[in-house]
Amino acid sequence: MTRDEIFNYHAAYHSDYNKMKSMLNKVILDHEAEIEALKFSFNKKTSQELQVEVASKKELIKNEQTEIGRVVSLFDVKRKSIQANFVRQEYKNIDGEYLLRKHLYETKRTAQMFLEAVQWLFSNNPKAAFHREYIMNIGHLIKHFNALEHQAMHSAESVQFSEEAQVWANVYKKKGFSDDEILEKLREGGYLE
């Protein structure tokens with residue numbers, strides 16, 4: 001409320017408007033220094049909070065860019081392990097990291113989802129082998145992400161053919177665990193739902 005609104009409010013409930021106005025003016029003037037100090041501390045605090053917010057956003061963007069770089073480099077490394085002379089060619093020579101960053105911004109997906117997609121794409125799963133034949137760059141990975149997610153990431157087969165899950169299952173088999181104990185260990189490890 002402004003000072004005039006306060007005066008008008010109190011004057012409506014009291015008969016002597018001028019007396020009320022002078023009383024309120026006196027109170028405001030007596031505490032003017034305190035009010036200014038509070039305003040200054042509030043502005044100072046908000047500027048510090050703003051600096052923290054800006055710094056945290058910069059850190060978040062930096063982490064996101066590193067994650068996006070990891071996705072692109074993992075794709076390249078996995079593709080080169082299959083095809084030694086592979087050179088990724090994006091549509092109109094647009095940077096793969098730029099394409100992925102733009103896609104993540106538009107869809108609110110995460111870089112972690114694409115890391116998992118790349119790992120599944122180059123796994124031992126027969127369905128992944130089918131997709132590997134035509135996903136040759138980041139643009140195609142983005143374009144066919146829904147199909148990959150549908151067929152692989154949330155199905156039981158993705159767990160069955162996951163390389164890391166297979167390694168742990170083999171380790172537990174060598175230790176002499178039964179099939180039920182292996183399944184329980186894989187559930188504890190987060191490989192099974």
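Just so we're clear, the structure is a prediction, and the values are computed from it rather than from any experiment.
Side-chain contact between L100 and L141 is absent, with no heavy atoms from C-beta onward closer than 4.5 Å. Between W168 and K185, the closest side-chain pair of non-hydrogen atoms is not below 4.5 Å. Between K78 and L74, the closest side-chain pair of non-hydrogen atoms falls below 4.5 Å. M113 is listed as a side-chain neighbour of E149, based on a closest heavy-atom distance under 4.5 Å.
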Point to revise | Worked check of side-chain contact (heavy atoms from CB on, under 4.5 Å) between F86 and D76 | key: CA-CA 8 Å; F86 172 75; D76 290 345; 4.1 Å; yes
Exercise for review: Would you sort out whether L104 and F114 count as a side-chain contact (heavy atoms from CB on, under 4.5 Å), showing the intermediate values?
Suggested key: CA-CA 10 Å; L104 295 180; F114 278 89; 3.7 Å; yes
Check your understanding: side-chain contact (heavy atoms from CB on, under 4.5 Å) between T110 and L115: does it pass, once the steps are laid out?
Key -> CA-CA 9 Å; T110 63; L115 275 173; over 6 Å; no
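One finds the OG atom of S73 at 12.0 Å from the CD1 atom of I68 (value rounded to the nearest 0.5 Å). If you take NE2 on H103 and CD1 on I138, they are separated by 11.5 Å, rounding to the nearest 0.5 Å. Atom CG of L99 and atom CD1 of I142 lie 5.0 Å apart (nearest 0.5 Å). Atom CD of residue E116 and atom OG of residue S123 lie 12.5 Å apart, to the nearest 0.5 angstrom. Atoms CZ and CD, on F75 and Q119 in that order, are 13.5 Å from each other to the nearest 0.5 Å. In this structure, CD in E184 is found 12.0 Å from CD1 in I182, a value given to the nearest 0.5 Å.
Of the possible polar contacts, one joining the E90 side chain to the G139 backbone as a donor-acceptor pair under 3.5 Å is found. Between the side chain of N137 and the backbone N or O of R88 there is no donor-acceptor pair closer than 3.5 Å. Looking only at distances, no side-chain donor or acceptor of E133 sits under 3.5 Å from a matching main-chain atom of F130. A donor-acceptor pair under 3.5 Å links the side-chain atoms of R79 to the main chain of R132, judged by distance alone.
Other residues, nucleotides and ligands contribute only 12 or fewer heavy atoms inside 6.0 Å of the OH atom of Y98.
A tilted orientation is assigned to the rings of F177 and Y172, their planes being inclined by 30° to 60°. Using the six-membered ring where Trp is involved, W120 and H131 have ring planes that are tilted, between 30° and 60° apart. A tilted orientation is assigned to the rings of H140 and H144, their planes being inclined by 30° to 60°.
Between V71 and A111, the shortest heavy-atom contact is CG2-O, 3.5 Å.
Hydrophobic clustering of Ile, Leu, Val, Met, Phe, Trp and Tyr side chains at less than 4.5 Å, counting indirect connections, keeps V87 apart from Y91.
Relative to the ring axis of Y105, K108 places its NZ or CZ within 45° and under 6.0 Å from the centre.
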